[in-house]
There are 2 protein chains.
Amino acid sequence: MIAEFENYLRRQTTLSDDDINRVIAGATLKKLRRNEFLLREGDICRHKIFIAKGLLRFFSVTADGGEHILQFSPEDNWMLDPESYDQQTPTQYYINAVEPSEVLLWAKPEFDGLLVSVPQLKLFAEQLISRSGYNNRQRLLTALSATPEQKYEDFVRTSPELLSRLPLRMIASYLGISLKTLNRVRHDQLLRS
Amino acid sequence: MIAEFENYLRRQTTLSDDDINRVIAGATLKKLRRNEFLLREGDICRHKIFIAKGLLRFFSVTADGGEHILQFSPEDNWMLDPESYDQQTPTQYYINAVEPSEVLLWAKPEFDGLLVSVPQLKLFAEQLISRSGYNNRQRLLTALSATPEQKYEDFVRTSPELLSRLPLRMIASYLGISLKTLNRVRHDQLLRS
DNA sequence: TCAAAACAAGGTCATTTGACACGATTTTTT
DNA sequence: AAAAAATCGTGTCAAATGACCTTGTTTTGA
């Protein structure tokens, strides 16, 4: 569980052994059962989350009870509500485990300390924020401009490894289309191949 | 034109007079005619843009020729393609002037220099990036979950000052709905009021 | 100031989409 | 191992949406 995170840092950064140990020392371990929640609407997002194993989802629940998934985070990714975390204000979102998962948590004060004492980590964090921004922009463009069929093809192309790990209703929710429409798209593609 | 920017910095930051002058010294002025372009697909986004007067739009053109607007930036706002700017790679987007506009430009090397020599500016820039991230996330959620009517109401609520400055076809493009649907929503709201 | 272009608003119609309901399976949990 | 829950794929139908076209008006730029 810690080993996964250590390998991740070695692959993605050039942090020294000491720095890596400093970062790890600040983390708390947590195992999540399927469907267990890490954040609910109204909570304050107090931790940065690294997913060592499993798969989390980040979603919103609208007034009519509909769930809308903004992000999936499988192992070797991070998850948080940036707005709620940065400003320590109540969130409008939910985070829960799609699969049984193992995560590392850093409380904000500890992580802020690490950002100062490990400057390399700050650079790395900024990279991650940038990438997340690019992704969101691309996702917004797709949501605005693509047909349901294009949205699904895009998902298959960019996240093939998630396809078999997610129930179709979650993929539909992520793409902003109904389950019915998603089934139609998949059915039509079978005919064409 | 520079006065607008100076006022903006005084309102939004606590930069010293010296720092403000340093930032201004790095800028180039440019006047834009209605519909003039600052960035086209394939270009590299070489400048940060501050809008002193007028209104710009940031959009993508899909294979079928459809325009999809991701962002409007009126006076006292910034505009750029972060991915193309950060990495100096070709963009997939367009930026042009909705109204005759006056902008300030900083080439990336100069602005990077300012971020180092004026640490306060760096903090301010990070704030802006965060806010832009929050906005994008909110926008993505709306695009995924809201009905055309809710999207329009949301736009009227969050950007009333833009309503009268934009042709309806651009608002429709920004909301990801057809002009026909937008007209229907507006017509129905007239009846109800 | 005047011609050209852009725009708002609406009509028609074919298509797409979602809501609801239904078994047949598969997966999860007890 | 059995019961409960979740999932997948499908059928039907009504409603929502977009493509295309037209008219009258406003705005723009020469």
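Numbered from 1 within each chain, the chains take letters A, B, ... in sequence-line order.
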**Report entry** A:Arg184 side chain, from C-beta outward: closest of C:dA9, D:dC20, C:dG18
**Finding:** C:dG18
Query - Nearest-Å distance for atom pair CG/P, residues B:Asn35 and C:dA5 - result: 14 Å
Query - d(CG, A:Leu166; P, C:dT27) in whole Å - result: 15 Å
Report task. Grab the CG-C1' distance between A:Leu175 and C:dG18 for me, whole Å please. Result -> 15 Å
Query raised in the report: The side chain of A:Pro148 lies closest to which of these nucleotides: C:dT17, C:dG18, D:dC8?
Result: C:dT17
Requested in this report: Check whether any side-chain heavy atom of A:Tyr174 lies under 4.5 Å from a side-chain heavy atom of A:Phe59, and answer yes or no.
Outcome: no
**Report entry** Between C:dA9 (C1') and B:Tyr152 (OH): distance, integer Å
**Finding:** 13 Å
Query raised in the report: D:dG11 C1' sits how many Å from A:His187 NE2, rounded?
Result: 12 Å
Query - Earlier contact from the 5' end, DNA chain D, for B:Leu179 and B:Arg33 - result: B:Leu179
Report summary line: Of A:Leu182 and B:Lys180, the one whose closest nucleotide on DNA chain C sits nearer the 5' end is B:Lys180
Query - Gap between atoms CD1 and P, on B:Ile171 and C:dC7 respectively (whole Å) - result: 12 Å
**Report entry** Check: A:Trp78 ring centroid to A:Tyr85 ring centroid under 6.0 Å
**Finding:** no
Query raised in the report: Should A:Arg186 be listed as having a side-chain N or O under 4.0 Å from OP1 or OP2 of D:dG9?
Result: yes
Query raised in the report: Closest approach of A:Ser145 and A:Gln150, non-hydrogen atoms and distance?
Result: O-OE1, 4.2 Å
Requested in this report: Let me know, please, whether B:Pro167 or A:Gly176 comes out on the 5' side of the other along DNA chain C by nearest nucleotide.
Outcome: B:Pro167
Query - D:dC8 phosphate, OP1 or OP2, under 4.0 Å from A:Asn183 side-chain N/O - result: no
Requested in this report: Answer with yes or no whether the side chains of B:Asp43 and B:Tyr94 bring together a donor and an acceptor at under 3.5 Å.
Outcome: no
Query - B:Ile49, B:Val23, B:Leu80 screened by side-chain contact (heavy atoms from CB on, under 4.5 Å) with B:Trp106, the one that passes - result: B:Val23
Report task. Measure from CD on B:Glu67 to C1' on C:dC7 and round the result to the nearest Å. Result -> 15 Å
Query raised in the report: Between C:dG18 and A:Thr181, is there an OP1 or OP2 to side-chain N/O distance shorter than 4.0 Å?
Result: yes
Requested in this report: Looking at every strand, decide which applies to A:Arg169 at a 4.0 Å heavy-atom threshold: base, sugar-phosphate, or nothing.
Outcome: sugar-phosphate
Report summary line: Whole-Å distance, B:Ile177 CD1 to C:dT16 P, equals 20 Å
Query - Any B:Arg34 side-chain N or O less than 4.0 Å from OP1/OP2 of D:dG29 - result: yes
